[in-house]
Amino acid sequence: MVCPFLGRMLTMKIGIIILQILFIHIFLFFGAVIKQLLQIPIPASMIGLLLLLAALMLKIVKLEWLERGANWLLSELLLFFIPSAVGIVNYDEILSWQGAEAVLLIGISTFIVMGTTAFVSEKLDHKERRGAR
Amino acid sequence: MKLILFTLITIFIYMLAKRAYKKWPFPFLHPLLISPLAIILLITAANVPAAEYLEGSKWISHLLGPATVAFAIPIYKHMHLLKKYLRNIILSITTGTLVAIFSSFALSLFMHLSPDLIVSILPRSITTPIAIEVSKEIGGLPALTTVFVIFTGVIGGIIGPSAIKWLSITSPVARGLALGMGAHGVGTNKAREYGEQEATFSTLAMILAAWITMFWGNSLIPLMTRIIPQM
């Protein structure tokens, strides 16, 4: 008796997540429409993000209508990168010496980026906290 | 049929890789390295052309779109933090995007990378869907940019915590911004290990970095790429 019940609960949970992801697509769609109409070089998904944010702030859309679907998308974000990473096999350049150099470059550059970002932010944060006191 | 098959295989491998990474959290076992590698081996062994796999797994990559839209939710929930730290966030991320673009540019000129690689590597510090758009805009190769974005994420996820430790960064805002700026989604994943505040700032950093880089992509980068020596 317990198993079918649990199964139904699980199906319902997955169903809700799928429905909410479909709902999120509405904003993606409107983002694409706006991009098409205005011919702006901004991805449809970014416009969709702003539309959704505006809809949430104006209370047109309630958080619980899409929170579970959104949380699933955000927590499994890594999965969606995998196919494009497989696309690497189309580029011999990456497997050459240049590829190794590029990896080194990314390591050095990323370290500098993180270092400066953290440094600037930490300094500003300390200054603001001291100012507040 | 192939759509279902490749989708299920990708999800299955991803779940296995995630489990393995939980058990043995070594950087080189990162799911974003192991899963594509396993799939490449698998399709090579099965003699499936990469294009066929990419076509068959398009549902999965499609979800990057709604996932980007979904970032509205953490922003909405943490609007008060965004307002409170607005100046800090904007200044730090503007600096971060400039440093990312200029250091990548200078190093790639220094290393004499091919023009294709140079242009494709410039938007590497931002989240994939936007990096692809910027790459197209500035004349790079989107697939190559994707790979650089992934390398940036994985490498950033590894060196981020050491950079934070080494510079003894203590404030959650600085930690979160550094991880989100330096390693986009993977950094945000890592920021969750520090705490919810760090994860929030990391998310905000990642979105703002994408916006600002998009702006540089339409202004600064075209000026820079003009001086790339043609081969």
Taking all non-hydrogen atoms of both residues, which atom of [X] and which atom of [Y] are closest, and how far apart?
X        : Y        : value
B:Pro172 : A:Arg129 : CD-NH2, 4.4 Å
B:Leu64  : A:Phe80  : CG-CB, 3.7 Å
A:Thr110 : B:Gly156 : CG2-CA, 3.7 Å
B:Ala163 : A:Phe111 : CB-CE1, 3.7 Å
B:Phe151 : A:Ile106 : CB-CD1, 3.7 Å
B:Leu32  : A:Leu78  : CD1-O, 3.5 Å

Would you say the side-chain atoms of [X] and [Y] include a donor-acceptor pair closer than 3.5 Å?
X        : Y        : value
B:Arg175 : A:Ser121 : no
A:Glu128 : B:Tyr85  : no
A:Ser84  : B:Thr146 : no

Inter- and intrachain pairs under salt bridge (Lys or Arg N to Asp or Glu O under 4.0 Å), touching residues 53-71 of chain B, at least two apart:
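Residue pairs with at least one partner in residues 53-71 of chain B: B:Glu55-B:Lys58.
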For [X], which atoms come within 4.5 Å of any heavy atom of chain B: side chain, backbone, both, or neither?
X        : answer
A:Leu63  : side chain
A:Thr116 : side chain
A:Leu50  : side chain
A:Glu67  : side chain

Where does B:Leu177 contact chain A at under 4.5 Å (heavy atoms): side chain, backbone, both or neither?
both
Between B:Glu133 and A:Ile42 (side chain of the first, backbone of the second, donor and acceptor by atom type, cut-off under 3.5 Å), is there such a pair?
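Here the side-chain-to-backbone pair does not exist.
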Without swapping roles, check the side chain of A:Glu122 against the backbone of B:Ser171 for a donor-acceptor pair under 3.5 Å.
yes
Before you tell me yes or no, could you show the steps for A:Glu76 and B:Lys18 under side-chain contact (heavy atoms from CB on, under 4.5 Å), namely the whole-Å CA-CA distance, both residues' side-chain angles and the distance that decides it to 0.1 Å?
CA-CA 10 Å; A:Glu76 304 302 342; B:Lys18 229 169 84 163; 2.9 Å; yes
For each of A:Leu56, A:Leu53, A:Leu28, tally heavy-atom pairs with chain B at distances under 4.5 Å, and name the one with the top tally.
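Greatest number of close heavy-atom pairs with chain B: A:Leu56.
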Passes side-chain contact (heavy atoms from CB on, under 4.5 Å), A:Leu77 versus B:Thr127? Steps please.
CA-CA 11 Å; A:Leu77 195 64; B:Thr127 183; 5.5 Å; no
To the nearest 0.5 Å, tell me how far A:Ile112 CD1 sits from B:Phe102 CZ.
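Rounded to the nearest 0.5 Å, the CD1-CZ separation comes out at 13.5 Å.
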With side-chain contact (heavy atoms from CB on, under 4.5 Å) as the criterion, how do B:His112 and A:Glu101 come out once you've worked through the C-alpha distance, each side chain's angles and the decisive distance to 0.1 Å?
CA-CA 10 Å; B:His112 298 289; A:Glu101 281 186 315; over 6 Å; no
Walk me through whether A:Val86 and B:Ile43 qualify under side-chain contact (heavy atoms from CB on, under 4.5 Å).
CA-CA 10 Å; A:Val86 174; B:Ile43 60 174; 4.1 Å; yes
